[in-house]
Number of protein chains: 6
Amino acid sequence: MPTATVRLVDPNAAGGKVREIFDDIMRTKKLDFVPNFWRALATNPDQLELVWRQLKTLMHPESAGRASKLDPRTREIIALAVSATNGCSYCVNSHTAALRKLGIDTETLGEVLAIAGLFNQTNALADGYQIEPDVLPPLE
Amino acid sequence: MPTATVRLVDPNAAGGKVREIFDDIMRTKKLDFVPNFWRALATNPDQLELVWRQLKTLMHPESAGRASKLDPRTREIIALAVSATNGCSYCVNSHTAALRKLGIDTETLGEVLAIAGLFNQTNALADGYQIEPDVLPPLE
Amino acid sequence: MPTATVRLVDPNAAGGKVREIFDDIMRTKKLDFVPNFWRALATNPDQLELVWRQLKTLMHPESAGRASKLDPRTREIIALAVSATNGCSYCVNSHTAALRKLGIDTETLGEVLAIAGLFNQTNALADGYQIEPDVLPPLE
Amino acid sequence: MPTATVRLVDPNAAGGKVREIFDDIMRTKKLDFVPNFWRALATNPDQLELVWRQLKTLMHPESAGRASKLDPRTREIIALAVSATNGCSYCVNSHTAALRKLGIDTETLGEVLAIAGLFNQTNALADGYQIEPDVLPPLE
Amino acid sequence: MPTATVRLVDPNAAGGKVREIFDDIMRTKKLDFVPNFWRALATNPDQLELVWRQLKTLMHPESAGRASKLDPRTREIIALAVSATNGCSYCVNSHTAALRKLGIDTETLGEVLAIAGLFNQTNALADGYQIEPDVLPPLE
Amino acid sequence: MPTATVRLVDPNAAGGKVREIFDDIMRTKKLDFVPNFWRALATNPDQLELVWRQLKTLMHPESAGRASKLDPRTREIIALAVSATNGCSYCVNSHTAALRKLGIDTETLGEVLAIAGLFNQTNALADGYQIEPDVLPPLE
């Protein structure tokens, strides 16, 4: 029975900077609760602020007043591919839920994971044979 | 000076199944050379066939007579995100080159890597705090 | 309480290609149930087929009409070593069970894990000191 | 001969936000050159800003007007332990250099890496045996 | 419900070398129980001895009659940073508990994890851009 | 051009405990030189001793007066599978060389890497779907 190693901050008891960030998270992500991840980070308010600011800028660029050349689904697909590669269960659950909200169906989800799985395989093979790059990559 | 741990198969000297697969790789990927990765795998022809068949099906579905709900750029973005997460240099070089061929610009490439980097951070945080999933994920 | 992010396919309700592959899995692996892994992959039948074909070829070569120079126990030992390194709990459980079926005792299992653990240590040391290869590896 | 997959931004040609951040990096880190890492990130100025702001806040808290309960050496030791675990060669070189500037001697560096190596071993063992936590961790 | 893949050795039933090591673990670590990790390793007594000897030497140098230039808290911080990076839940729980015993507060714990998270991010970025070292590291 | 972050200890200039261990390494491994890995560890003699003692016990049990139920080739295969999974280039080169000395041919080497690659794929899939164990593993 694994459990968080810190006591999660209670959103109802939070004040000041933490309260503001919790509100911004719920508003930006259109959620009616504060996910456990942010409640854990809130035990260190500086860290909460740093991670949220970065995540908001990269994953919710429209809320951060920034243009992005990637669409929201592609951004969440990257998050899921990374999380599956790292085997982070909280993250896999969270990004799968986000992709479902964005309308991904089970078969497409399977395609994302199949490709992530495939390149975990080829990564191990390329590293296992110590293969050198074919050509210098195109520098711009 | 790291180098491949096997002698790469010379495409000009290859025959039989290996020759056919090399030709299929160049035709499918529109390349005029056989990448080192495939030349290394060809030292074990069974393995070459298995990996190529899977990669062709998932990454070149149109050539494999299969419908995909992901576009080619998204598929390569998954490959790059996984490769950056694993720190596989051959793979990073190869998938960056593929994304360039698909027309990605440096700023968008940076956005992909920024998001991959961000979730490597949040993965470590979620694991480091042992945070439990918020809710049961939506089963379809 | 982590749980699968997709609804597992019910073997009794499966038809067509999925049904055939489920039967092949149980027959090849001498199991009287379909493991959850395959029931999850079956949500994307193409992926189920790709992964099973590859796994059958590499791990059950006799069923795939292929000669292998590795014995079944060595093959499962590789699987366990990789799974322990990646910290994949489903995979560790599954390959430990497979090794038990092949007759491995607890002490030998411990030796496998001890060696896997040792090289996770030396890998971190070699990378932490950025040590260069001693000699060019012997090319055949 | 692996090389960066993007053309590094020339500090002498940089202007605007990039120029300001480059100056802040050199001033904060007391360097007379801009490390390649930042020159690569600068191809995507938004990303450069996000990563630098975060790194400055966490690693140079005094410059960011923030109190830290960890001393500079401990902070760099964490960076090196993570980098050795991930096998990131640029990062290992960079954080080893930073620790040298902070006065660490070779034997202490070895002790850091020995401990990092040890826990890469025990991590693989704990995962390889799928050991459950002993007790609920002390919540504060 | 994941569980250990081996039956944990019962400390009360242990004899000989295992009993001696269990006692040494409890005495050295000032614990009144034998953690599950050591009870699992004890299924292979040689392995138990090897890992304990190494861990005692590195993490409890005073008990091993050895001088260390790192303080106990720094040593545990390295352990936690590595464990968070690898996503090893048993290890994260165990090293968080050890740091609590050493008096770390929640905010400092958060700072450790924030730094570990940050460098998992920069590692992925440095690998994702394939950035080369700036300068040859200073050899002593 | 990455290079070791410490000055490798010159075997000809080594004395005392380091000299003895270097001799034991060359004798046990039947080598006429001291690999760079050990020359780097020797910058911290305690660490050199700890790692060598453990590696000798596990990988050269006959020299350490210990029975092993695994044969030398299986032990090196585990080492290679772990090293390919971690992408540790020094380690891949070293264990490939060791397997060559033990007589492995290129095709069998390919089979080892193919299986390691396959399970890096399935690990990512099992983690990406968060699949739960099928059954409680058989406790002995």
Side-chain angles (χ1 to χ4, degrees), chain D residues 1-5 8 33 35-37 40 73 76-133, chain F residues 1-10 14 16-18 21 36-55 57-59 78-79 81-94 116 119-120 123 126-127 131-140:
Chain D
M1 192 193 338
T3 194
T5 61
L8 303 179
F33 68 100
N36 290 341
F37 179 76
R73 206 177 72 145
E76 282 293 343
I77 283 174
I78 297 171
L80 180 60
V82 168
S83 302
T85 299
N86 284 329
C88 175
S89 66
Y90 180 87
C91 314
V92 163
N93 277 283
S94 159
H95 298 299
T96 303
L99 280 166
R100 294 250 187 233
K101 273 177 84 169
L102 290 167
I104 205 175
D105 63 25
T106 299
E107 202 167 12
T108 310
L109 179 71
E111 202 176 341
V112 170
L113 293 177
I115 294 174
L118 170 66
F119 290 106
N120 274 284
Q121 178 187 39
T122 59
N123 283 199
L125 287 169
D127 282 334
Y129 279 118
Q130 286 294 300
I131 304 168
E132 293 188 67
Chain F
M1 193 196 335
T3 194
T5 61
V6 289
R7 189 186 296 280
L8 304 180
V9 170
D10 179 355
K17 182 165 78 173
V18 169
I21 294 173
N36 291 340
F37 179 75
W38 303 107
R39 294 175 58 198
L41 292 198
T43 55
N44 186 322
D46 281 350
Q47 188 187 163
L48 174 68
E49 188 176 20
L50 278 171
V51 178
W52 170 242
R53 193 188 309 178
Q54 190 177 23
L55 195 142
T57 308
L58 287 170
M59 296 301 278
I78 297 171
V82 168
S83 301
T85 299
N86 284 330
C88 176
S89 67
Y90 179 87
C91 314
V92 163
N93 278 282
S94 159
F119 290 105
N120 274 285
N123 283 198
D127 281 335
I131 304 168
E132 292 189 68
D134 291 287
V135 288
L136 288 182
L139 297 179
E140 177 207 6

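Each chain gets a letter, A, B and so on, in the order its sequence line appears, and its residues count up from 1.
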To the nearest 0.5 Å, what is the distance between CG (F/L8) and CZ (F/R39)? 4.5 Å

On a heavy-atom basis, the closest approach of F/A14 and F/V9 is CB-CG1, 4.2 Å

Can a donor-acceptor pair be found, under 3.5 Å and without considering hydrogens, that links the side chain of D/S94 to the backbone of D/Y90? no

Please classify the contact of D/L118 with chain F as side chain, backbone, both or neither, using a heavy-atom distance under 4.5 Å. neither

Backbone N or O of D/E107 within a donor-acceptor pair of the D/D105 side chain at under 3.5 Å? yes

What one should report as the nearest heavy-atom pair of D/L113 and D/A84 is CD2-CB, 4.1 Å

Just checking heavy atoms, which of residues 45-53 of chain F are less than 4.5 Å from chain D? F/P45, F/Q47

Given side chains that start at C-beta, do those of F/Q54 and D/Q121 come closer than 4.5 Å, heavy atoms only? yes

Once you round to the nearest 0.5 Å, how far does CG of F/L41 lie from CG of F/L55? 10.0 Å

Side chain, backbone, both or neither: which part of D/E111 has a non-hydrogen atom closer than 4.5 Å to chain F? both

